[in-house]
Each structure stands twice: as C-alpha cells, then as structure tokens.
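These notes concern the structure reproduced below.
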There are 2 protein chains.
Amino acid sequence: MKKNNIEIPSCTNCENSAGILCSLNIKEKTELSCGKLDGIFKKGEIIFKEGNNAYNLFCIHKGKVKLSKLGKDGKEQIVRFAKSGDILGYRSLLSNEPYHGTATAMVECEICIISKEVFQKVNEDNYKLSLNLIQLLSKDLKSAEQHLIDVAQKTVKERIAEALILLVNSFGYLEDKITLNVNLTRSEIADLAGTSTETTIRTLSQLSSDNVIKLEGKNILITNFKKLVQSSNTYD
Amino acid sequence: MKKNNIEIPSCTNCENSAGILCSLNIKEKTELSCGKLDGIFKKGEIIFKEGNNAYNLFCIHKGKVKLSKLGKDGKEQIVRFAKSGDILGYRSLLSNEPYHGTATAMVECEICIISKEVFQKVNEDNYKLSLNLIQLLSKDLKSAEQHLIDVAQKTVKERIAEALILLVNSFGYLEDKITLNVNLTRSEIADLAGTSTETTIRTLSQLSSDNVIKLEGKNILITNFKKLVQSSNTYD
DNA sequence: AAAATTATATGATTTAAATCAATTAATTAA
DNA sequence: TTAATTAATTGATTTAAATCATATAATTTT
C-alpha cells in the first residue's frame with residue numbers, strides 16, 4: 001500500500017452517497033474522519049488477510065475489491081465483492097475477531113483506513129448506524145445462504161450464469177450498457193461459481209453460442225440479460 | 001400451535017442462561033416479557049415460513065428447531081439449527097423483510113412469541129443488545145460462508161462428517177456422552193450436507209464400518225470424535 | 001391388527017463435472 | 001524484443017455422486 005500524494009476527502013465531503021456511512025450526520029462524519037489514513041492499493045494487492053488481527057475499518061472510496069476465503073487445499077472461494085462506498089472489516093472489529101476473509105484489490109483502489117477505536121466509538125453513540133450494520137449483515141447473510149443453496153443444488157451452467165448476474169449487480173456495465181464493468185480471470189469466475197477453470201471456460205463459450213453473452217477478449221458483454229436470468233434458473 | 005395450559009416464565013425468571021436475551025437487565029427483560037405469548041409447537045410443526053411477513057420474534061424456551069430454505073425444484077436446504085435460548089426471526093424484524101427461511105420444530109417446542117414493536121423498542125434503547133445481535137449475525141454469517149465453501153469444495157464424506165459435527169455442536173449428546181441428542185432422518189441429513197438420501201445412507205454406513213460412528217436405529221453414536229473431525233477434513 | 005405410508009437400504013446405471021494432458025494466446029519481466 | 005510466465009482453450013479420460021429401480025423395515029393411520 002502506498003500512503004502518498006493522493007488525498008481522499010473527509011467523510012463530510014465524500015461524494016459517495018450510497019454507502020452505509022453516508023447516513024451519518026456531520027458531527028459523526030467528522031469524528032470518523034479524524035485521524036483516518038488514505039491508502040492506495042494496486043491491482044492484486046491484499047488489503048487485509050484472513051486470520052490476521054483486525055485493527056482497522058476500510059472504507060472503499062474508489063475501486064473494486066474481492067473478498068475471498070481459503071478452502072480445502074488452499075483453493076480460493078470468492079464470497080463477495082465490494083465497491084465505492086462499501087465498508088470492510090467491521091464484522092471483525094465489532095466481534096473482536098480476526099478478519100474472516102481476505103480482501104484483494106481488483107483494480108487500483110483508494111481506501112480510507114479508520115481505526116477500530118474511532119469506529120467503535122461512533123457506532124456506540126449511534127443506534128442508527130448499528131441498525132444499518134445489522135441490516136447490512138442481514139443482507140450479506142441472506143445472500144451467503146442463497147449462494148450456499150445455489151452451489152449445493154444448481155448445475156454449473158446455472159451457477160456461472162448466477163455469477164455473471166452477481167457481477168452485473170455488483171459493478172454494473174460500462175457506458176455501452178452491455179459490457180461488464182469488471183474483469184475477472186476465468187479462474188476467478190470459477191472460484192466464485194465453485195467450479196473448475198476448464199469447466200468455466202467451456203460454460204462461458206456455451207453461453208456465448210446460446211447468444212446470452214458475448215466474449216471479447218477479457219470483456220464479457222451481456223447481450224441478453226433476460227436469457228441470462230433464465231439460464232441461472234432463479235426467480236426472486 | 002397450541003396456546004394453552006403451559007406457561008413459560010417471564011424473561012426475568014427464565015432458566016436459560018446462554019441465550020442472547022439473557023444479557024439484558026431486569027427492566028429490559030420485564031419490558032420484553034410484557035405481552036409475550038407462550039406457544040407449544042408439536043414435532044414437525046412450522047413456526048414460521050420463508051417469505052411470510054414477519055411480525056414476531058421467537059425465543060426458544062425449550063426444544064429443537066431447524067431453519068431451512070427452499071432451493072431448486074423445492075428441494076430443502078437446512079441452513080442452521082436453533083435450541084433453548086436461541087432467538088429466531090430477529091433479522092426480518094430489524095430489516096423489515098419477510099422471514100428468510102422456514103423454522104420447523106424438530107421436537108415438541110416451548111416458544112415465547114414477542115411482538116415486533118416490543119423487540120424493536122428494547123433493541124433501540126440498548127446498545128449492548130444491538131452489539132450482541134451484530135455479533136450473532138456475524139457468527140452466523142461466518143458459518144454460512146464456511147458451509148458454502150464446504151459444500152463447494154468438499155467430498156460428500158467430508159460434508160456428512162461435518163454435518164454430524166454440527167449436530168454435536170448444536171445439540172450435544174445424551175447422558176451417555178456418546179449418543180447424538182437429536183434425531184434427523186437420513187433425508188434431513190442429506191438436506192443439511194447438500195447431497196442425496198441414498199448417498200447419505202451409504203456414507204453413514206461407511207463411517208460406521210470405519211468405526212467413526214455407530215448406527216443404532218434412529219440413533220447415531222459418535223464413537224470416535226477425533227476420527228470424525230479427521231474425516232471432515234477441517235482444521236479450525 | 002391390518003393396511004398404508006414413510007424411511008431405510010442396496011444394487012445397477014448414468015451423468016455431470018473434475019482431472020489430466022497438451023496447445024495456443026496473452027501478459028509481464030528481463 | 002525476446003524470454004518467461006501466466007491465462008485461455010480444447011480434447012480425452014476418469015470419477016464421484018446422482019439417479020433409477022426394488023426391496024425391506026419401521027412408523028402411522030384406520
């Protein structure tokens with residue numbers, strides 16, 4: 001990580017509007033910003049590591065992050081993604097536990113680093129924030145449970161389709177409204193869908209010949225979202 | 001559900017000591033108990049159903065409950081268990097969402113039913129409770145993520161072993177310190193491990209001939225816990 | 001107590017997906 | 001700019017586990 005020339009604005013002036021911290025009032029934002037560090041993480045750099053002691057809250061100002069856990073024989077399982085406005089590490093801070101997963105920058109990321117103490121203080125004084133965190137956890141738990149069922153019951157094709165939908169929901173499209181605004185390797189898509197790289201490649205080309213998606217080098221274009229949802233066999 | 005002759009004591013006199021509500025002070029317990037209903041649910045009876053609107057918090061005074069979700073083609077996936085002292089439904093209440101899963105009584109259960117309003121009020125006034133809920137959610141999320149990785153990466157044998165360990169951790173043993181204190185059908189164990197009934201049966205007999213467990217009718221005896229952990233291929 | 005339903009058990013067969021193997025393409029480093 | 005590494009692709013083979021098919025045992029219901 002570089003702590004350098006860049007300077008991310010204080011929470012009070014942060015242009016992100018979606019994130020959970022945005023619901024705080026000016027006083028609380030000021031408190032939270034006080035003493036925060038600004039970090040730049042390069043693509044591929046690890047922000048925090050599964051099992052390490054948790055001393056900081058990370059708030060993504062700009063960038064894309066993948067959260068993963070190690071499974072059997074060191075095989076990676078991607079559990080979630082995070083983007084601008086999302087916070088990372090709060091679970092560990094509030095439960096006094098090591099980080100549950102590893103956070104890796106998927107592109108160059110600008111991230112605010114807030115100390116445990118400051119975050120705990122703000123949380124303690126603010127029922128609204130606690131409730132928001134409960135709701136956030138609740139949402140994450142819901143999708144983890146759904147992901148579990150998907151992996152347990154769905155076919156690889158359905159899971160790959162589902163993975164693509166998750167990517168659309170997490171990162172959206174480029175300006176053309178059709179090209180996925182994120183690039184994962186085939187092996188990362190496999191780690192997300194819980195399958196092998198080879199099978200992922202074959203399934204993607206299958207979806208491509210079904211005219212559901214289009215593969216252009218590293219880019220994946222979602223040419224028929226409706227059909228993609230059908231391929232994923234979900235209804236909710 | 002029967003609302004009848006039985007009467008569960010007020011939270012202030014509840015003999016359960018492990019549950020999350022036990023950390024409340026007398027005033028809060030009194031508030032929570034005020035207006036609660038006592039219900040008896042027979043074995044197999046549904047306490048609440050996935051997708052239904054959430055109006056109540058359920059606190060298990062006595063009994064065993066399974067939480068499940070419906071997957072593809074209505075196939076059931078067991079996501080968690082709950083027992084005396086555990087609360088159910090709080091996620092939905094605090095997020096204003098329908099129940100995320102279906103809760104089914106595995107044995108006759110005595111359950112306190114607390115209204116959404118009362119619970120919200122107590123939670124709002126009590127940072128400690130919010131924090132406990134965050135920690136509880138955090139724990140559930142962690143195990144859901146672990147379960148996800150297990151299902152995605154482990155063999156059936158490892159998953160069945162893991163399922164048995166979860167049952168031990170959730171419900172413990174009978175007085176003999178060896179017989180699992182809960183009875184699931186083979187099909188339910190399959191729904192927990194994310195496999196088929198036939199494969200579950202075969203795998204259980206395999207574990208039995210490996211002298212890891214012993215099958216006595218409906219009962220499962222854990223004759224070699226250490227070996228069971230080894231069979232599950234976990235280290236944490 | 002008999003009938004009906006549900007759960008358990010076992011064998012045979014199929015199949016989806018992993019693994020193994022080798023090739024080509026694309027990045028990254030020297 | 002070439003060499004080295006990493007990623008993507010495609011084919012062949014293996015395998016774990018699902019499914020199908022019956023049979024038997026154990027509960028429930030009547």
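The structure displayed is predicted, hence computed values, not measured ones. The chains referred to below are lettered A, B, ... by the order of the sequence lines, with proteins before strands, and numbering in each begins at 1.
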Rounded interatomic separation in angstrom, taking [atom1] from [X] and [atom2] from [N]:
X       : N       : atom1 : atom2 : value
I201(A) : dT19(C) : CD1   : P     : 14 Å
K72(B)  : dA18(D) : NZ    : P     : 13 Å
Q206(B) : dT10(C) : CD    : P     : 13 Å
N183(A) : dA26(C) : CG    : P     : 14 Å
D191(B) : dA18(D) : CG    : C1'   : 15 Å
D73(B)  : dT19(D) : CG    : C1'   : 14 Å
L215(B) : dA26(D) : CG    : C1'   : 16 Å
Q153(A) : dA17(C) : CD    : P     : 14 Å

Is it the case that [X] and [Y] place a side-chain donor and acceptor less than 3.5 Å from each other?
X       : Y       : value
E158(B) : S232(B) : no
E145(A) : H147(B) : no
E97(A)  : S92(A)  : no

Exercise. Is the count of non-hydrogen atoms from other residues, nucleotides or ligands lying under 6.0 Å from K142(B) atom NZ greater than 12?
Worked result: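 No, not enclosed.
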Exercise. For K43(A), does the NZ atom have more than 12 heavy-atom neighbours from other residues, nucleotides or ligands under 6.0 Å away?
Worked result: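 12 or below, so no.
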Heavy atoms from C-beta onward define the side chain here; which of [options] lies closest to that of [X]?
X       : options                   : answer
T185(B) : dA17(D), dA8(D), dT8(C)   : dT8(C)
R202(B) : dT19(C), dC20(D), dA17(C) : dC20(D)
E198(B) : dA17(C), dA17(D), dT19(D) : dT19(D)

Exercise. With no angle test and no hydrogens, is the base of dT10(C) tied to the side chain of R186(B) by a donor-acceptor pair under 3.5 Å?
Worked result: no
For this session: Determine the contact category for T197(B): base if any of its heavy atoms lies under 4.0 Å from a base atom, sugar-phosphate if only primed atoms, P, OP1 or OP2 are that close, otherwise nothing.
Result: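 Nothing, no heavy atom under 4.0 Å.
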For this session: Would you indicate what S196(A) reaches in the nucleic acid, counting non-hydrogen atoms under 4.0 angstrom: base, sugar-phosphate, or nothing?
Result: base
For this session: Return the 5'-most residue of the pair K43(B), T195(B) with respect to DNA chain D, ranking by each residue's nearest nucleotide.
Result: T195(B)
Exercise. When the nearest nucleotide of DNA chain C is assigned to K157(A) and to K218(A) on a heavy-atom basis, which residue is associated with the more 5' position?
Worked result: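 With K157(A) and K218(A) compared, the 5'-side residue is K157(A).
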